[in-house]
K.L.:
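Sending over a structure as structure tokens; questions will come in a sec.
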2 protein chains.
Amino acid sequence: MTEKTAAVQANGGTRIQREKRAAILEAGLTVFAEAGFRGATLDRIASEAGLSKPNLLYYFPSKEAIYEALLQELLETWLDPLKALNPSGDPVGELLSYVMRKLEMARDFPRESRLFANEILAGAPAMLPVLEGELRTLVDHTAAVIDGWVAEGRLAKIDARHLLFSIWAQTQHYADFDTQVRAVMGKADFDGAAAHLDLLFRRVLTP
Amino acid sequence: MTEKTAAVQANGGTRIQREKRAAILEAGLTVFAEAGFRGATLDRIASEAGLSKPNLLYYFPSKEAIYEALLQELLETWLDPLKALNPSGDPVGELLSYVMRKLEMARDFPRESRLFANEILAGAPAMLPVLEGELRTLVDHTAAVIDGWVAEGRLAKIDARHLLFSIWAQTQHYADFDTQVRAVMGKADFDGAAAHLDLLFRRVLTP
DNA sequence: TTCCGATTTGACCAATCGGTCAAAACAACG
DNA sequence: CGTTGTTTTGACCGATTGGTCAAATCGGAA
């Protein structure tokens with residue numbers, strides 16, 4: 001049992017193992033988000049993480065392994081805010097604070113947003129099963145909650161699923177298309193975006 | 001003057017030259033949209049266009065040349081609908097038909113939308129000057145028109161630039177994140193999207 | 001038919017890619 | 001100190017990449 005000690009232990013391991021694995025994931029996030037899966041190179045990830053390429057491959061068996069570890073980690077972070085929707089809260093307030101949480105994520109974790117965007121743009125080769133499974137289930141559940149709110153008259157009539165797309169599209173836009181936003185506005189202007197989206201969704205959702 | 005005959009003549013040329021160049025651009029659009037600039041290979045573009053790689057390089061001097069030709073061509077198509085906004089028309093109607101035109105483009109030209117998304121996601125290495133120049137100017141002009149409408153009270157109060165982002169984000173979402181939309185909805189549902197966006201922007205824009 | 005420029009191709013090249021491997025360096029513990 | 005297992009690395013590999021080039025083929029005008 002002397003072989004592949006580090007590589008096999010995906011979770012846990014010694015302090016140094018956890019640190020190096022974390023550094024690799026951190027570097028991988030930067031590079032994959034910027035260049036996509038195919039555009040990213042092991043050499044760049046290794047150098048960004050402060051390691052040699054063979055040393056990197058001592059901790060992860062392949063480029064794909066790094067990528068998939070990142071996607072898996074990403075998904076929880078990504079779905080959490082949606083799960084935080086409280087069906088017994090104030091509908092408009094719940095949805096507005098979901099929008100704000102999403103916008104904050106676009107501001108604070110733009111690499112995660114771009115990683116996700118790259119994966120979906122490429123046709124979700126590594127995430128399709130999760131999209132069709134976990135995500136779809138969660139969306140179905142959330143749509144039922146929203147439909148309930150609409151039926152009770154506490155929310156303006158609206159298609160629940162397309163409403164979610166509207167929220168995702170607009171919040172992630174500020175991370176994924178940041179370059180375009182900066183080119184047009186001169187600056188990132190997340191505060192302006194927050195005010196705008198609050199106003200927009202208030203008009204859309206208030207009964 | 002016997003050298004580089006075809007390659008030099010970017011526009012015009014013989015019938016066969018125009019046809020082959022068009023076939024290459026068509027193939028390049030498919031491949032670049034699917035794989036991004038770095039992910040695309042000349043071999044794939046050539047085979048998709050029905051040519052050998054050296055033959056492809058007879059019509060375009062490099063991979064970058066194909067990519068840049070596509071981006072340039074794309075830009076006109078992309079900005080045209082915005083230019084079609086009629087300042088003396090009905091504000092809500094003008095903006096709604098802009099939204100619909102954009103949504104139709106996402107439905108009918110998804111490859112163009114994804115090509116653009118890939119370029120921006122990668123930091124717009126080849127488009128930044130255009131974004132900061134032509135696009136910004138056009139946005140400034142359009143924002144002035146929208147601000148005028150708001151000032152006249154013919155449009156609900158709203159930030160013009162962020163409104164444009166809202167329109168772009170939501171319409172392009174149906175092309176760029178098509179995979180996700182399909183995974184969640186089971187189908188693409190552009191009709192549902194059209195109804196939803198009409199309703200959404202009507203609520204947002206009507207004074 | 002002949003000729004000449006336009007077009008096409010097979011063979012090839014240097015660089016880069018993801019990944020391997022054996023040996024070296026290191027760390028911890030007796 | 002020596003031993004043992006962990007970590008790191010330089011050298012290397014086959015495959016793929018973007019791109020070149022000389023030679024072959026094609027096509028139309030005279």
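These numbers come from a predicted model, not from an experiment. Naming: A, B, ... by sequence-line order, numbering from 1 per chain.
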K.L.:
Any side-chain N or O of B:Gln17 below 4.0 angstrom from OP1/OP2 of C:dT7?
P.N.:
yes
K.L.:
Hey, does the side chain of B:Lys20 come within less than 4.0 Å of C:dT8's phosphate (OP1/OP2), counting only N and O?
P.N.:
yes
K.L.:
Remember a base hit wins even if backbone is also touched, and classify A:Ala40 as base, sugar-phosphate or nothing at under 4.0 Å, heavy atoms.
P.N.:
sugar-phosphate
K.L.:
Measure the distance from CD1 on B:Ile66 to P on D:dG18 and round it to the nearest whole Å.
P.N.:
10 Å
K.L.:
Measure from the side-chain heavy atoms of A:Ser62 and tell me the nearest of C:dT8, C:dG18, C:dG19.
P.N.:
C:dG19
K.L.:
Given side chains that start at C-beta, do those of B:Leu95 and B:Trp149 come closer than 4.5 Å, heavy atoms only?
P.N.:
yes
K.L.:
When you get a sec, tell me which of C:dG19, C:dA11, D:dG18 is the closest nucleotide to the side chain of B:Pro54?
P.N.:
C:dA11
K.L.:
Check the distance between D:dT8's C1' and A:Leu57's CG and give it to me in whole angstrom.
P.N.:
13 Å
K.L.:
Take atom OH of A:Tyr58 and atom P of D:dT6, then tell me their distance rounded to the nearest Å.
P.N.:
7 Å
K.L.:
In whole Å, what is the span from the NZ atom of B:Lys63 to the C1' atom of D:dT20?
P.N.:
17 Å
K.L.:
Does the side chain of B:Trp78 come within less than 4.5 Å of B:Ser113's, by heavy atoms?
P.N.:
yes
K.L.:
Does the side chain of B:His173 reach to within under 4.5 Å of the side chain of A:Gln170, using non-hydrogen atoms?
P.N.:
no
K.L.:
Could you go through B:Leu29 and B:Leu25, starting from their C-alpha distance and side-chain angles, then the distance that decides it, and tell me whether this counts as side chain to side chain contact (heavy atoms under 4.5 Å, CB included)?
P.N.:
CA-CA 6 Å; B:Leu29 178 57; B:Leu25 289 176; over 6 Å; no
K.L.:
Nearest of C:dG19, C:dC17, D:dT7 to any side-chain atom of A:Lys53?
P.N.:
C:dG19
K.L.:
A:Asp43 CG to D:dA11 P: how many Å, rounded?
P.N.:
15 Å
K.L.:
Considering only heavy atoms from C-beta outward, does the side chain of A:Asp176 approach that of B:Ile120 to under 4.5 Å?
P.N.:
no
K.L.:
Whole-Å distance between C:dG19 P and A:Asn55 CG?
P.N.:
16 Å
K.L.:
Whole angstroms only, please: what is the OH-C1' distance between A:Tyr59 and D:dT8?
P.N.:
8 Å
K.L.:
How many whole angstroms separate atom OH of B:Tyr67 from atom C1' of D:dG19?
P.N.:
20 Å
